[in-house]
Amino acid sequence: MANVAVIGAQWGDEGKGKIVDWLAERADIVVRFQGGHNAGHTLVVGDKTYKLSLLPSGIVRGTPSVIGNGVVLDPWALKAEVERLREQGVVATPDTLMIADTCALILPFHRDLDGLREDASGAGKIGTTRRGIGPAYEDKVGRRAIRVCDLAHLDDLGPQLDRLTAHHDALRAGFGEPPIDREALVAELREIAGFVLPFAAPVWRTLNEARAAGKRILFEGAQGVLLDIDHGTYPFVTSSNTIAGTAAGGSGVGPGAVGFVLGIAKAYTTRVGSGPFPTELADETGERLGVRGHEFGTVTGRKRRCGWFDAVLVRQSAAVSGITGIALTKLDVLDGFEEIRICTGYRLGDETLDHYPAHAAEQARVVPIYETMEGWSQTTAGARSWAELPAQAIKYIRRVEELIRCPVTLVSTSPEREDTILVRDPFAD
Ligand code: IMP
């Protein structure tokens, strides 16, 4: 029996929520291992819709849920999300929610800095979620972060605070901002510590015990491989490694702990924020994809950019992330298109490429090479078996598999949980 990691194989927003919820119901423990409250996972359970940004999806069904050390944690956002869920009848307790005591904290000045930098960047801005994710990871790597475990030792914070405030005060001065009010910061931390600390735990131990006991662990990725700090469209990326390999390091288990890697990919492509997007359609077809797919961000409400499926990018994502099988989502959005295009390679000047180049200027310059397929007029919405799919839709899926060199193990045909064609059960491996 495999543990499963679910990750986005494009630029995030691939429709992970529904699939993670389906898997979370059958998992014994669900783990977030990177990112922070920049994620946006929408879960529809019965007649209720839950919007999660930071908490692992298992929480909604009472499955023990873990926030791993690889996550950056905004304690105030945590409190707000826990309280919002409580109003919807979901109560997080230290039995159902464990937070790694080694998580680095996102502090109010991280959020300020994220916004100040974006505002100052003009056309070069990254289009971040402005939640302080990047600045918090910078402080973690710079070894000046305040971590969850520090909340129990606030009186000993002196030298760490010196390093942290010296660094940030210099940055803030550059933006014409006042220095950090240390006393106010410590007072705020003291107040929130009482909320966070009951959830704090050495989660690496819980996870290793769960593994030893043969429990099923679901590692829930956020964002997508193309936003990975190393493998994504740098610098237009998030500040963490979003690949499946991070599941181990970001939670404190060995690399062998992840068995099946389920990559989620839309049947077309979307992106929020800035950065290159070779198959983007700034025309009526792109508009049509956006309207049919309801392509607006869960966290920021921003309109998503839309384009055809890019097999080069998903093939690369599958390779760098070791994807075992793809869940192809939102197939029904392609219903009714006379022709559907798939990007199979790129042209860069006189060269033909079968991969995405590393350099940002080249990433922006590549011209997609398309293959055109006949579309289908029937609806695929709500299909639950291959037999319910038009022949052309099956042909499209088979061609996608061929091009990305990875099997499609699940097809999602509507936001409803049951509207799914399951080819291979990841937990059954
Ligand atoms: P940050 O993660 O807020 O620093 O934003 C960096 C980039 O990642 C921006 O392009 C964001 O739009 C994108 N991003 C961050 N989180 C998500 C997500 O959950 N879905 C899609 N894009 C995201």
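Start at 1 and go down the list; that is how both ligands and their atoms are numbered.
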- Message: Please confirm whether Trp11 approaches ligand 1 to less than 4.0 Å, judged on its heavy atoms.
- Response: yes
- For Gly127 and ligand 1, answer yes if some heavy atom of the residue is under 4.0 Å from a ligand atom, otherwise no. yes
- Would you mind running through ligand 1 and noting each atom that sits below 4.0 Å from a heavy atom of Val272? 10 (O), 12 (O), 21 (C), 22 (N)
- Query: Between Trp11 and Phe277, what is the ring plane arrangement, given parallel below 30°, perpendicular above 60°, and tilted in between?
  - Reply: tilted
- Would you kindly check if the NZ (Lys) or CZ (Arg) of Arg216 is within the cone defined by 45 degrees around the ring axis of Phe427 and under 6.0 Å from the six-membered ring centre? yes
- Item | Glu25: side chain to side chain contact (heavy atoms under 4.5 Å, CB included) partners, not counting sequence neighbours | Arg61, Arg417
- Query: Between Lys330 and Glu295, is the closest basic N to carboxylate O distance under 4.0 Å?
  - Reply: yes
- Within the structure, does Asn38 bring an N/O atom to less than 3.5 angstrom of an N/O atom in ligand 1? yes
- Query: Taking all non-hydrogen atoms of both residues, which atom of Arg288 and which atom of Asp335 are closest, and how far apart?
  - Reply: NH2-O, 4.4 Å
- Under a heavy-atom criterion of less than 4.0 Å, does Ser239 contact ligand 1? no
- Item | Side chain, backbone, both or neither: the part of Arg302 lying under 4.0 Å from ligand 1 by heavy atom | side chain
- Task: Determine the interplanar angle of the Tyr346 and Tyr356 rings, folded into 0 to 90°, and report it as parallel if under 30°, tilted if 30 to 60°, perpendicular if over 60°.
- Result: tilted
- Give a yes/no verdict on whether any heavy atom in Arg131 is under 4.0 Å from an atom of ligand 1. no
- Query: Would you say Thr128 has any N or O atom under 3.5 Å from an N or O of ligand 1, going by distance alone?
  - Reply: no
- Query: Between Asp114 and ligand 1, which part of the residue brings a heavy atom under 4.0 Å of the ligand: side chain, backbone, both or neither?
  - Reply: neither
- Task: With sequence neighbours excluded, tell me which residues meet side-chain hydrogen bond (donor to acceptor under 3.5 Å, both in side chains) with Ser240.
- Result: Gln34
- Item | Under 4.0 Å to a heavy atom of Asp13 - the qualifying atoms of ligand 1, by number | 20 (N), 21 (C)
- Does any N or O atom in Thr238 lie less than 3.5 angstrom from one in ligand 1, N or O only? yes
- Relative to ligand 1, is Leu227 under 4.0 angstrom through side chain, backbone, both or neither, heavy atoms considered? side chain
- Item | Asp162 vs Arg182, salt bridge (Lys or Arg N to Asp or Glu O under 4.0 Å): CA-CA, chis, key distance, verdict | CA-CA 9 Å; Asp162 291 343; Arg182 287 175 58 137; 2.6 Å; yes
